[in-house]
Amino acid sequence: MGLVQKWFGFNGWKALSTSGRVGATILYRILFAVGLAVAIIAYSYISGGEDPSIIWIVVVGLVWFLFFQFIVNLIFVNSS
């Protein structure tokens with residue numbers, strides 16, 4: 001569980017919130033929401049323009065969440 005917690009856990013958000021940068025925290029949350037919307041729209045466009053089922057929306061959301069968690073942890077915890 002150490003590797004998963006290190007790269008996909010909430011340590012990046014903890015480091016961001018303890019640094020006292022409220023504006024950065026708000027910006028990252030907005031970027032998450034915008035990225036999620038773009039990911040769902042892109043999936044719908046790639047799949048032929050049909051409305052995706054709720055299952056595929058959840059799958060795309062989960063993949064985006066894991067990718068975003070990886071990026072946040074890469075920047076705030078595991079960066080050199």
Side-chain angles (χ1 to χ4, degrees):
M1 193 70 177
L3 179 71
V4 172
Q5 181 65 27
K6 180 179 179 181
W7 290 104
F8 299 106
F10 292 100
N11 296 331
W13 288 106
K14 290 177 189 172
L16 180 62
S17 66
T18 58
S19 68
R21 296 182 289 189
V22 175
T25 304
I26 293 170
L27 178 67
Y28 274 94
R29 290 175 189 229
I30 290 172
L31 287 175
F32 174 78
V34 169
L36 180 61
V38 168
I40 292 172
I41 292 168
Y43 174 78
S44 176
Y45 180 74
I46 291 168
S47 68
E50 296 293 323
D51 290 338
S53 68
I54 191 70
I55 294 169
W56 288 111
I57 291 174
V58 170
V59 168
V60 168
L62 182 64
V63 168
W64 172 247
F65 173 76
L66 290 174
F67 177 74
F68 195 79
Q69 286 295 105
F70 174 76
I71 295 298
V72 168
N73 284 331
L74 185 68
I75 293 170
F76 291 104
V77 176
N78 301 320
S79 63
S80 53

Asker: State which residue, out of Val59, Val58, Ile54, fulfils the side-chain contact (heavy atoms from CB on, under 4.5 Å) condition with Trp56.
Answerer: Val59

Asker: Going from CD1 on Ile41 to CG on Leu36, what distance comes out if it is rounded to the nearest 0.5 angstrom?
Answerer: 9.5 Å

Asker: More than 12 non-hydrogen atoms from neighbouring residues, nucleotides or ligands closer than 6.0 Å to CG on Leu62, yes or no?
Answerer: yes

Asker: With clusters defined by side-chain heavy atoms of hydrophobic residues (ILVMFWY) lying less than 4.5 Å apart, directly or transitively, does Val22 cluster with Ile30?
Answerer: yes

Asker: Could you pull out all residues at least two apart from Phe68 that satisfy ring-ring contact (aromatic ring centres under 6.0 Å, His included)?
Answerer: Phe32, Trp64

Asker: Who pairs with Ile57 by side-chain contact (heavy atoms from CB on, under 4.5 Å), at least two apart in sequence or on another chain?
Answerer: Ile40, Pro52

Asker: With Leu27, which residues qualify under side-chain contact (heavy atoms from CB on, under 4.5 Å), at least two apart?
Answerer: Leu31

